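Scroll down for the structure; my scribbles are underneath it.
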Amino acid sequence: MAAVSSALVLIIAFGVIPRDKKAMPQFFVNEDIVRGESITLISPVIDTDSVPSQFKWASLGKEVDYKIYVYNHELIWNITTRDNQIQIPQEMKNRMITGKKYSWQVKAFSKEGILMAVSSKVQFKINLKE
């Protein structure tokens, strides 16, 4: 009887009780659903009166590599950092033209190089100064 009870306990413990696995959230890449988190972009997220000096987004924690992409209908700049913000170098600022629309996106990678999360692609316009 004790052996049968022990066997039942083991079967329940390993077969019925859910294991401690993290549920993978989902994000979208090119309209396809992919598992992972979403990154919230902080700035710039709307039109601006001048060329932005930095890009900033919500942190996902330590030991995350962020890759930032800037587009003007095509990729014009990308860089990788461990911080949740990046100063835009002057050479890139010089390439951004008043009156034009740009978009940017952030992707987060684990230290092993696995894609963990992405942001949506956010558009902003550098307004003409009057």
Side-chain angles (χ1 to χ4, degrees):
M1 188 65 169
V4 172
S5 296
S6 296
L8 277 174
V9 168
L10 288 174
I11 290 171
I12 291 171
F14 290 108
V16 178
I17 298 174
R19 296 186 182 164
D20 185 25
K21 290 184 180 178
K22 290 184 179 180
M24 290 291 232
Q26 297 179 341
F27 58 85
F28 294 88
V29 175
N30 297 331
E31 300 166 1
D32 294 327
I33 299 175
V34 181
R35 295 181 184 267
E37 296 181 49
S38 178
I39 301 171
T40 303
L41 301 181
I42 298 172
S43 70
V45 292
I46 55 173
D47 295 352
T48 179
D49 291 331
S50 61
V51 174
S53 60
Q54 70 175 356
F55 291 110
K56 188 172 184 178
W57 56 94
S59 175
L60 295 179
K62 296 182 178 181
E63 297 198 22
V64 176
D65 288 325
Y66 299 101
K67 190 155 190 177
I68 300 85
Y69 302 87
V70 180
Y71 303 90
N72 179 6
H73 301 294
E74 61 185 43
L75 181 65
I76 59 171
W77 185 63
N78 67 64
I79 193 166
T80 303
T81 182
R82 284 252 165 139
D83 296 323
N84 67 319
Q85 62 185 4
I86 189 83
Q87 296 296 322
I88 302 172
Q90 190 61 45
E91 64 189 50
M92 182 57 201
K93 286 182 183 181
N94 294 343
R95 294 176 61 192
M96 299 177 100
I97 302 166
T98 302
K100 298 286 185 176
K101 290 183 181 180
Y102 297 89
S103 59
W104 67 293
Q105 182 177 39
V106 176
K107 295 182 181 181
F109 295 87
S110 69
K111 63 182 178 181
E112 294 83 17
I114 298 169
L115 180 63
M116 298 170 40
V118 296
S119 71
S120 57
K121 200 183 274 189
V122 171
Q123 190 174 57
F124 65 96
K125 180 180 178 184
I126 303 170
N127 291 324
L128 295 170
K129 294 182 183 178
E130 295 177 19

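FYI, the numbering just counts along the sequence from 1. Side chains included, hydrogens not; waters and symmetry mates left out as well; all remaining heavy atoms used. Everything numeric in this text was worked out from a predicted model, so none of it was measured.
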Spatial distance of atom [atom1] ([X]) from atom [atom2] ([Y]) [nearest 0.5 Å]:
X     : Y     : atom1 : atom2 : value
Ser59 : Gln85 : OG    : CD    : 10.5 Å
Ile97 : Asn94 : CD1   : CG    : 10.5 Å
Ile39 : Asn84 : CD1   : CG    : 10.5 Å
Lys56 : Thr40 : NZ    : OG1   : 13.0 Å
Ile79 : Met92 : CD1   : CE    : 10.5 Å

Distance-minimising heavy-atom pair for [X] and [Y]:
X      : Y      : answer
Ala58  : Ile42  : N-CD1, 3.7 Å
Asn127 : Thr98  : O-CG2, 3.1 Å
Ile88  : Pro52  : CD1-O, 3.3 Å
Val64  : Ala108 : CG1-CB, 3.6 Å
Lys125 : Gly99  : CE-O, 3.4 Å
Asp65  : Ser110 : OD2-O, 4.4 Å

In one Ile/Leu/Val/Met/Phe/Trp/Tyr side-chain cluster, 4.5 Å: Ile46, Tyr102 |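 Same cluster: Ile46 reaches Tyr102 through Ile, Leu, Val, Met, Phe, Trp or Tyr contacts under 4.5 Å.
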Between the main-chain N or O of Ser119 and the side-chain N or O of Gln105, is there a donor-acceptor pair closer than 3.5 Å?
-> yes
Whether Ser120 side chain and Val122 backbone form a donor-acceptor pair below 3.5 Å |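 No, the answer is negative, given that no donor and acceptor are paired below the 3.5 Å cut-off.
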In sequence, state the C-alpha distance, the side-chain angles, and the governing distance for Gln54 and Ile86, and then conclude on side-chain contact (heavy atoms from CB on, under 4.5 Å).
-> CA-CA 5 Å; Gln54 70 175 356; Ile86 189 83; over 6 Å; no
Return the set of residues passing side-chain hydrogen bond (donor to acceptor under 3.5 Å, both in side chains) with Lys111 (not counting sequence neighbours), or none when no residue passes.
-> Glu63
Would you call Lys93 and Ser53 a side-chain contact if the rule is heavy atoms closer than 4.5 Å?
-> yes
Answer yes or no: are there more than 12 heavy-atom neighbours, outside Glu91 itself, under 6.0 Å from its atom CD?
-> no
Under 3.5 Å donor-acceptor pairs involving side-chain atoms of residues 67-77, not counting sequence neighbours:
none

Which pairs, with at least one residue in residues 40-68 and sequence neighbours excluded, count as a ring pair (Phe, Tyr, Trp, His ring centres under 6.0 Å)?
->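 The answer is Phe55-Trp104, Trp57-Tyr66.
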